[in-house]
S.K.: 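Mind looking over this structure? Questions follow.
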Amino acid sequence: MTQPAEKPASDAADLRIRNARGDIDSAEERLLTLMAGQGYGDAARFAVRLAFEEAVINAFRHGHKGLPADTPADISLRIGPDEAVIAVTDQGPGFDPVTVPDCTLDENLEKTSGRGLMLIRSFMSGVRHEMGGRRLVMTYRKDGETAEG
Amino acid sequence: MPTSDSRLKVKRDGAIVEVQFRDRNILDEANIQQIGDEVKAIIEAETAPKLLINFTDVDHLSSAALGTLITINNRVRALKGQLRLSNIDPQIYQVFVITKLNKLFEIHETAEKARASFK
């Protein structure tokens, strides 16, 4: 006996992108479209877009450092009615997030890089590192709750 | 100087050079590099530059853009000039607050107030 089809609780997409503006923009557009479909507002979409952008740039710039320029990264989007979960997986050697310096310390304030991860942590509700730092999983909860995941 | 391919709109008001962005999203690394190069060329043509960067119509910027702003700030200071930022969208302003760059940059709500603040 077949079950009646139900609308899935989450909208999902799995994408493989290269370090090209067109690929990144397409993935962002997909993300924002899914979020709009689940009723996320402007502030949520600003936060998630910013975090996504920083995560992807980090994957290509730091994760893929020394790898061929066309090495792709994998994007997983799971956009539910209450929370959006975005994972970015690179093919690099990974890293220890504890070693990332605090960019808000006076001695680091004028450094021209190193702010991406802090912005991700600030704008998202939860952030966790998996696969030895190769995979970043970011969660945005619609209720605005912020907690390190 | 800005050309037809410029990513900037530049206008001069006395000694003050005001720069606005043509892009609503300042995310692309190549564009950010170009913006940095164009602003550098503008300030290096001045003695003690008075530079106002007006963020009107900018919806998004990345941490790479913040890095370029810091480089611009350092260059302006080296030339004994002054840098002001204005018209930053409230959501983007949060980016400056989180990174504490609101302490490094002199940020004004409007271009008018920023222009009046130059010494």
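Keep in mind that what you see is a predicted model, and the values were worked out from it rather than measured. Sequence lines set the chain letters: A, B, ... in the order given, protein chains first and strands last, and positions in each chain run from 1.
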S.K.: Taking Ile43(B) as the starting point, is it possible to reach Val10(B) by hopping between hydrophobic residues whose side chains are less than 4.5 Å apart?
M.R.: yes
S.K.: In this structure, are over 12 heavy atoms from other groups packed under 6.0 Å from Glu109(B) atom CD?
M.R.: no
S.K.: Below 4.5 Å from any heavy atom of chain B, which atoms of Ile24(A) appear? Answer side chain, backbone, both or neither.
M.R.: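 Neither part, no heavy atoms under 4.5 Å.
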S.K.: Counting heavy atoms not belonging to Glu29(A), are there more than 12 under 6.0 Å from its CD?
M.R.: no
S.K.: Tell me, for Ile92(B) versus chain A, whether the close heavy atoms (under 4.5 Å) come from the side chain, the backbone, both or neither.
M.R.: both
S.K.: Does any backbone or side-chain atom of Asp106(A) lie under 4.5 Å from a heavy atom of chain B? Answer side chain, backbone, both or neither.
M.R.: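 For Asp106(A), the side chain is the part near chain B, not the backbone.
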S.K.: Check whether Ala47(A) gets within reach of chain B through its side chain, its backbone, both or neither, counting any heavy atom under 4.5 Å.
M.R.: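 Nothing of Ala47(A), per the 4.5 Å heavy-atom cut-off to chain B.
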S.K.: Look up atom CZ in Arg45(A) and atom NE2 in His60(B), then write down how far apart they are to the nearest 0.5 Å.
M.R.: 9.0 Å
S.K.: Is there a path from Val85(A) to Ile79(A) through hydrophobic residues (I, L, V, M, F, W, Y) whose side chains come within less than 4.5 Å of each other?
M.R.: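 Looking at the clustering, Ile79(A) is in a separate group from Val85(A).
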S.K.: Would a 4.5 Å heavy-atom cut-off, applied to side chains only, mark Asp59(B) and Phe46(A) as touching?
M.R.: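 No, their side chains stay 4.5 Å or more apart.
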S.K.: Do Arg115(A) and Leu101(B) have side-chain heavy atoms sitting under 4.5 Å apart?
M.R.: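 Side chain of Arg115(A) against side chain of Leu101(B), heavy atoms only: contact under 4.5 Å found.
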S.K.: What distance separates Leu66(B) CG from Thr112(A) OG1, expressed to the nearest 0.5 Å?
M.R.: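 It comes to 10.5 Å.
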S.K.: Using 0.5 Å steps for rounding, measure from the OG atom of Ser63(B) to the CG atom of Asn58(A).
M.R.: 7.0 Å
S.K.: Val100(A), Met131(A): one ILVMFWY side-chain cluster at the under-4.5 Å cut-off?
M.R.: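 Shared cluster, no.
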S.K.: Within a strict 4.5 Å, meaning less than it, do heavy atoms of the Asn25(B) and Glu53(A) side chains meet?
M.R.: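 Side chain of Asn25(B) against side chain of Glu53(A), heavy atoms only: no contact under 4.5 Å found.
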S.K.: Please indicate whether Glu112(B) has more than 12 foreign heavy atoms, meaning atoms of other residues, nucleotides or ligands, lying under 6.0 Å from its CD.
M.R.: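 Atom CD in Glu112(B) is not crowded, with 12 or fewer foreign heavy atoms closer than 6.0 Å.
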S.K.: Roughly how far, to the nearest 0.5 Å, is the CD atom of Gln91(B) from the CG atom of Leu50(A)?
M.R.: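 Nearest 0.5 Å value for the CG-CD distance: 9.5 Å.
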S.K.: Do Leu67(A) and Phe95(A) land in one hydrophobic cluster if side-chain heavy atoms of ILVMFWY residues count as linked below 4.5 Å?
M.R.: no
S.K.: Please find the pair of heavy atoms, one from Ile98(B) and one from Thr104(A), that lie closest to each other, and give the distance.
M.R.: O-CG2, 3.4 Å
S.K.: Decide whether Val97(B) and Ile107(B) are clustered together by the hydrophobic rule: side chain heavy atoms of Ile, Leu, Val, Met, Phe, Trp, Tyr closer than 4.5 Å, transitively.
M.R.: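 Shared cluster, yes.
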S.K.: Taking every heavy-atom pair that is under 4.5 Å apart, which of Ile70(B), Leu27(B), Thr99(B) has the most such pairs with chain A?
M.R.: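 Heavy-atom pair counts peak at Leu27(B).
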S.K.: Determine, step by step, whether Arg61(A) and Glu29(B) satisfy the side-chain contact (heavy atoms from CB on, under 4.5 Å) criterion, reporting the C-alpha distance in whole Å, the side-chain angles of both residues, the deciding distance to 0.1 Å, and the verdict.
M.R.: CA-CA 11 Å; Arg61(A) 186 195 280 175; Glu29(B) 292 207 322; 2.4 Å; yes
